[in-house]
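Below is one structure, written out as structure tokens, with a few remarks after it.
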Amino acid sequence: VQLQASGGGLVQAGASLRLSCAASGRTFSSYAMGWFRQASGKEREFVASINWSGSSTYYADSVRGRFTITRDNAKNTLYLQMNSLKVEDTAVYYCAADHIFYYSDSQQYNYWGQGTLVTVSS
């Protein structure tokens, strides 16, 4: 599967942004998906993940209650709705996929998108 993330941009603190991750191929529903992010000078960290049907989601403590991960299997697209953005949310956001639902373990995801930059200003 090939993944293409989009939707990043520059916003002020408190604003909202929705990221999308478009997947190629006809088997999108066979992949569990995740969002990860990497801030400048820091290691990549888990943000959220979702199972194949969308019935199960998992969030990092830092974003729970502010971010929502969803997927539309008919459109082969993964989303990340980000509300109440904070300066510390500034990072390059990556979508990832794998047939197994690895939750937050980035080392196990085999397929990655190219990343989209989110910058939150104060």
Next on the checklist: If hydrophobic clusters are built by linking Ile, Leu, Val, Met, Phe, Trp and Tyr wherever their side-chain heavy atoms come under 4.5 Å apart, do Tyr109 and Leu19 end up in the same one?
Outcome noted: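 Tyr109 and Leu19: separate clusters.
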
Checklist entry - Residues in salt bridge (charged side-chain N to carboxylate O under 4.0 Å, His left out) with Asp98, at least two apart? => result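 None.
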
Next on the checklist: Would Arg44 and Trp112 count as a cation-pi pair here, with the cationic atom under 6.0 angstrom from the ring centre and within 45° of the axis?
Outcome noted: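 Yes.
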
Do you know the tightest heavy-atom contact between [X] and [Y]?
{"X": "Ala32", "Y": "Arg71", "result": "CA-NH1, 4.0 Å"}
{"X": "Ser122", "Y": "Ala13", "result": "CA-CB, 4.5 Å"}
{"X": "Thr90", "Y": "Val87", "result": "OG1-O, 2.9 Å"}

Checklist entry - Can you tell me if CD on Glu88 sees more than 12 non-hydrogen neighbours from other groups inside 6.0 Å? => result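 Correct, the count exceeds 12.
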
Item to check | Heavy-atom neighbours of Gln2 CD exceed 12 at 6.0 Å | outcome: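 12 or below, so no.
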
Checklist entry - Is the shortest side-chain N to carboxylate O distance from Asp89 to Lys86 below 4.0 Å? => result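 So Asp89 does not pair with Lys86 through a salt bridge.
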
Distance-only, no hydrogens or angles: does the [X] side chain make a donor-acceptor pair with backbone N or O of [Y] under 3.5 Å?
{"X": "Arg66", "Y": "Ser84", "value": "yes"}
{"X": "Ser55", "Y": "Ser53", "value": "no"}
{"X": "Ser49", "Y": "Gly34", "value": "no"}
{"X": "Arg64", "Y": "Tyr59", "value": "yes"}
{"X": "Gln114", "Y": "Ala5", "value": "yes"}

Next on the checklist: Strictly by ring-ring contact (aromatic ring centres under 6.0 Å, His included), give each pair with a member in residues 5-33 just once, sequence neighbours left out.
Outcome noted: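 Listed by first then second residue: Tyr31-His99, Tyr31-Tyr111.
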
Next on the checklist: Enumerate the disulfide (SG to SG under 2.5 Å) contacts for residues 49-78, please, sequence neighbours excluded, ordered by first and then second residue.
Outcome noted: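 Of all non-adjacent pairs touching residues 49-78, none passes disulfide (SG to SG under 2.5 Å).
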
Next on the checklist: Applying disulfide (SG to SG under 2.5 Å) as the test, list every pair that has at least one member in residues 24-56; sequence neighbours left out.
Outcome noted: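 Applying disulfide (SG to SG under 2.5 Å) to every pair that reaches into residues 24-56, excluding sequence neighbours, yields nothing.
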
Checklist entry - Using links of under 4.5 Å between side-chain heavy atoms of ILVMFWY residues, direct or through other members, which residues join Leu10 in one cluster? => result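 Direct or chained contacts put Leu10 with none.
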
Item to check | Which residues share a ring pair (Phe, Tyr, Trp, His ring centres under 6.0 Å) with Phe46, sequence neighbours left out | outcome: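 In terms of ring pair (Phe, Tyr, Trp, His ring centres under 6.0 Å), with neighbours along the sequence ignored, Phe46 is linked to Phe36, Tyr58.
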
